[in-house]
Protein chains: 2
Amino acid sequence: MGGPLKMSGKKSPNGSRSDQEGTAEARRAPMREFSRSLPMSLLRAREAVMRQFRPSLRNHGLTEQQWRILRALTAVDTIEVTELARVAFLLGPSLSRILRDLEARDLIERRTAKADLRRGEVSISSKGLKLIEAVAPTSEAIYAEITHRFGARKLAELQDMLGELERSLAAMEVAGEGEAEADE
Amino acid sequence: MGGPLKMSGKKSPNGSRSDQEGTAEARRAPMREFSRSLPMSLLRAREAVMRQFRPSLRNHGLTEQQWRILRALTAVDTIEVTELARVAFLLGPSLSRILRDLEARDLIERRTAKADLRRGEVSISSKGLKLIEAVAPTSEAIYAEITHRFGARKLAELQDMLGELERSLAAMEVAGEGEAEADE
DNA sequence: CCGGAGAACTTAACATGTTAAGCAAATTTC
DNA sequence: GAAATTTGCTTAACATGTTAAGTTCTCCGG
């Protein structure tokens with residue numbers, strides 16, 4: 001978020017802005033261009049990508065998350081809820097709600113494991129599979145277009161970097177989990 | 001949540017998995033490795049980053065979005081709601097709600113423009129400014145740590161690529177806005 | 001066995017994402 | 001210059017994100 005990397009701040013008055021900004025920047029913390037922080041960059045990039053897919057999914061009555069779930073289910077025969085949450089990258093509560101709805105729409109099937117009654121086993125239904133097959137072509141076409149526009153090589157490179165970023169931070173322990181932070 | 005995932009092991013009969021997966025993959029569409037799609041990569045990367053900031057923000061009673069708004073407000077004297085939405089990358093309705101809450105907490109001030117009664121002008125309050133100043137140090141430290149772990153050079157490179165991706169897709173018109181999709 | 005600790009979800013509660021309406025003020029059109 | 005249109009928000013409604021509790025069911029030590 002706050003991403004300032006170079007608060008060194010060029011003092012030079014911002015040439016042609018509506019002068020209020022110059023005033024504000026002068027008397028306030030010269031934090032770095034907020035919009036260039038890593039979180040914002042990632043957010044905007046992802047939105048730019050998802051913006052391409054949402055209309056198509058919407059036309060088929062699916063949200064992004066529902067699609068992720070169905071999509072993940074096509075790769076397995078059955079999967080436990082916790083595993084599915086990990087794969088589809090959804091928090092338990094969200095998944096719980098979505099599965100309830102998808103089941104009501106007969107897009108998935110669910111049953112409890114016989115070995116452990118706490119666990120639920122989920123699988124896609126034939127109706128769900130048909131839906132996936134109906135959406136997939138458009139989805140693939142969009143993905144191909146994105147790849148073409150950005151460049152396959154660069155895309156692969158970007159994904160490598162994203163993976164590296166993930167791994168870099170995986171080990172980074174999260175600060176002040178519950179305290180009120182030393183100062184202030 | 002989420003994290004490494006290693007389901008579906010290509011076509012090769014997955015040596016040690018519970019064999020159901022292999023079966024599923026064999027009889028179903030061999031779609032792209034779901035977890036390696038660009039949207040998922042971006043989502044996981046962003047989550048890995050935000051995971052570092054949320055606890056600190058939470059300790060100060062702020063959500064990620066509220067922080068974005070206050071953060072954006074420190075860069076200007078006043079700003080119109082629509083402009084703020086653009087800068088903080090929030091949709092109008094979300095912003096509308098959040099501003100209502102932030103105003104109730106006296107973290108921001110709002111008034112209508114005299115020239116155009118439809119427009120609202122927002123600015124951060126002294127209380128809001130104090131809050132920002134209280135959070136900023138921790139936030140900056142986390143950002144610095146992330147930069148250190150991933151590498152300043154690579155970080156800059158990553159952000160360049162993200163910006164490029166954004167620009168690549170900016171011109172890409174969104175398909176089938178409202179139709180039911182030719183077929184497929 | 002039995003009771004407590006832990007695991008696997010599910011519910012609850014509140015905040016935001018997302019699309020569609022609603023509304024009042026400003027602008028355009030005829 | 002009044003009606004039609006557009007603009008700048010705000011509401012509404014529904015889905016998901018996020019954290020805390022609650023509910024069953026397992027498992028484990030005594």
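What you are looking at is a predicted structure, and each value in this text was computed from that prediction instead of being measured. Per chain, numbering begins at 1; letters A, B, ... match sequence-line order. Just so it is clear, the values below take in all heavy atoms, side chains as well, and ignore hydrogens, waters and symmetry mates.
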Check: Quick one: does A/Lys127's side chain have a donor or acceptor within less than 3.5 Å of a partner on A/Arg105's backbone?
Finding: yes
Would you tabulate the nitrogen or oxygen pairs shorter than 3.5 Å linking the protein to nucleotides 19-21 of chain D?
residue : atom : partner : partner atom : Å
D/dT19  : O3'  : B/Arg58 : NH2          : 3.2

Quick check on C/dA7: is either OP1 or OP2 less than 4.0 Å from any side-chain nitrogen or oxygen of A/Thr82?
no
Fill in: Heavy-atom check, side chain of A/Leu84 versus side chain of A/Leu99, under 4.5 Å
yes
Rounded to whole Å, the CZ-P distance (A/Arg111 to C/dC9) equals 14 Å
Rounded to whole Å, the CD-C1' distance (B/Glu80 to D/dT10) equals 16 Å
(message) For A/Lys130, is the NZ atom crowded, meaning more than 12 foreign heavy atoms sit under 6.0 Å from it?
(response) no
Among D/dT16, C/dG17, D/dG8, the one nearest any side-chain atom of B/Gln65 is C/dG17
- [ ] Could you check whether B/Leu95 gets within reach of a base, just the sugar-phosphate, or nothing at all, counting any heavy atom under 4.0 Å?
- [x] nothing
Using OP1 and OP2 only, check whether a side-chain N or O of B/Arg119 sits under 4.0 Å from D/dG8. yes
note: B/Leu62, atom CG; C/dT16, atom P; distance rounded to Å ~ 10 Å
**Request:** Determine, for B/Arg86 against B/Glu80, whether the closest basic-nitrogen to carboxylate-oxygen distance falls under 4.0 angstrom.
**Result:** no
Separation of D/dT7 atom C1' from B/Glu83 atom CD, nearest Å, is 15 Å
Ranking A/Arg110 and A/Glu47 by the position along DNA chain C of their nearest nucleotide, the one closer to 5' is A/Arg110
Separation of C/dC14 atom P from B/Arg97 atom CZ, nearest Å, is 15 Å
Evaluation steps, salt bridge (Lys or Arg N to Asp or Glu O under 4.0 Å), between A/Arg149 and A/Glu145 | CA-CA 6 Å; A/Arg149 291 206 173 226; A/Glu145 173 68 9; 2.8 Å; yes
**Message:** Looking at D/dC9, I'd like to know if its phosphate oxygens (OP1 or OP2) sit under 4.0 Å from a side-chain N or O belonging to B/Ser96.
**Reply:** no
| Is the side chain of B/Ser125 donor-acceptor paired with the backbone N or O of B/Leu107 at a distance under 3.5 Å, no angle test? | yes
Here the distance between atom C1' of D/dC9 and atom CD1 of B/Ile98, to the nearest Å, is 15 Å
### Electrostatic pair B/Arg51:A/Glu166 at N-O distance under 4.0 angstrom
no
Let's go through A/Glu47 and A/Arg54 carefully: what are the C-alpha distance in whole Å and the side-chain angles of both, what is the deciding distance for salt bridge (Lys or Arg N to Asp or Glu O under 4.0 Å) to 0.1 Å, and is it a yes or a no? CA-CA 10 Å; A/Glu47 179 53 30; A/Arg54 264 190 280 270; 2.6 Å; yes
Per nearest nucleotide of DNA chain D, the residue lying toward the 5' end, A/Arg68 or B/Leu99, is B/Leu99
Atom CG of B/Leu43 and atom C1' of C/dG17 are separated, to the nearest Å, by 13 Å
In 5'-to-3' order, the base (B), backbone-only (S) or no-contact (-) status of each nucleotide in nucleotides 24-29 of chain D, using a 4.0 angstrom heavy-atom cut-off, is BBS---
Here the distance between atom C1' of C/dT10 and atom CG of A/Leu84, to the nearest Å, is 15 Å
Q. Can you find a side chain N or O atom of A/Thr63 that sits less than 4.0 Å from OP1 or OP2 on C/dT18?
A. no
For A/Arg118, the salt bridge (Lys or Arg N to Asp or Glu O under 4.0 Å) test, sequence neighbours excluded, returns A/Asp116
**Check: B/Arg68 side chain, B/Phe89 main-chain N or O, donor-acceptor pair, under 3.5 Å** = yes
